[in-house]
Amino acid sequence: MPTTDEIKQRLKSAWVWQKQLEADLQMLQDLKDLAEQITPVYSLAPGGGSSNDKLGGTVAKMADVEVSVQSDIRMLTEALAATRALIKMLDDEKLQLILFKRYLNYQRWEVIAADLGYSYRRVTQMHGEALVKIAKIS
């Protein structure tokens, strides 16, 4: 039987992949911005075309990051499906809703509590109950 901490880590995996995807997308945008700033230098002298080397290197990095983005999307999709499956194991719809809001909508505890009309403490207690129930089921 997995521990509640292990269940929590499995539920958080979608968030981790979301953040990785966001970082890779930002890196890709930064590389695109850099590529747009590189201007060609035309020279008949040997070794005079160093900006072409910079552009080629930047384009190669962009291709690598695009592959990483595709991998992140695939991993995020799998993590989201696994998170949904874990949450759906619960019979209690209120517990499901709390977990959906926390682990799929990435909402803070205060927002979840206000939205559902519970105290912060009660929401975190219900979260703990949900983790224990999932741990027993899986």
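- Note that the CG atom of L86 and the CD1 atom of I137 stand 9.5 Å from one another [nearest 0.5 Å].
- Nearest approach of K136 to M1, heavy atoms of both residues: CA-SD, 3.7 Å.
- Under 3.5 Å, the side chains of E22 and Q18 contain a donor-acceptor pair of N or O atoms.
- Looking only at atom types and distance, the side chain of Q29 has a donor-acceptor partner in the side chain of D33 under 3.5 Å away.
- The hydrophobic clustering, which links ILVMFWY residues whose side-chain heavy atoms are closer than 4.5 Å, places V69 and V67 apart.
- Linking ILVMFWY residues whenever their side-chain heavy atoms come closer than 4.5 Å, directly or via other members, leaves V59 and V65 in distinct clusters.
- The local environment of CG in N105 is crowded, with over 12 non-hydrogen atoms from other residues, nucleotides or ligands closer than 6.0 Å.
- In E110, the CD atom is crowded: over 12 heavy atoms of neighbouring residues, nucleotides or ligands sit closer than 6.0 Å.
- Atoms CD1 and CE, on I134 and M89 in that order, are 7.0 Å from each other to the nearest 0.5 Å.
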**OP:** Any chance you could lay out the side-chain contact (heavy atoms from CB on, under 4.5 Å) test for R121 and W109, step after step, and finish with the verdict?
**Re:** CA-CA 9 Å; R121 181 180 169 107; W109 292 121; over 6 Å; no
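- Note that CG of L21 and CH2 of W17 are 10.0 Å apart. Values are rounded to the nearest 0.5 Å.
- Note on V111: it does not cluster hydrophobically with L95, by side-chain heavy-atom contacts below 4.5 Å among ILVMFWY residues.
- I7 is not listed as a side-chain neighbour of V132, based on a closest heavy-atom distance of 4.5 Å or more.
- Between the side chains of D30 and Q26, at least one donor N or O lies within less than 3.5 Å of an accepting N or O.
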**OP:** Evaluate the criterion side-chain contact (heavy atoms from CB on, under 4.5 Å) for residue pair L11 and L131; output intermediate values, then yes/no.
**Re:** CA-CA 10 Å; L11 289 168; L131 294 179; 3.6 Å; yes
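- Hydrophobic clustering, with ILVMFWY side chains joined whenever heavy atoms are under 4.5 angstrom apart, groups I87 together with Y106.
- One finds the OH atom of Y103 at 14.5 Å from the CG atom of L80 (value rounded to the nearest 0.5 Å).
- Distance check: L31 CG to K61 NZ gives 7.0 Å after rounding to the nearest 0.5 Å.
- Side-chain contact between P2 and R10 is present, with heavy atoms from C-beta onward closer than 4.5 Å.
- For the atom pair CD (Q9) and CG (D5), the distance works out to 7.0 Å, reported to the nearest 0.5 Å.
- Linking ILVMFWY side-chain heavy atoms closer than 4.5 Å, directly or via other members, places L76 and W15 in a single hydrophobic cluster.
- Partner K101 forms a side-chain contact (heavy atoms from CB on, under 4.5 Å) with one of L99, L97, L104 and no other, that one being L97.
- The closest side-chain heavy-atom distance from Q70 to E66 is not below 4.5 Å.
- Q96 places a side-chain N or O within 3.5 Å of a backbone atom of L90 that can act as its donor or acceptor partner.
- Listed for the R102 side chain is a donor-acceptor partner under 3.5 Å among the backbone atoms of Q107.
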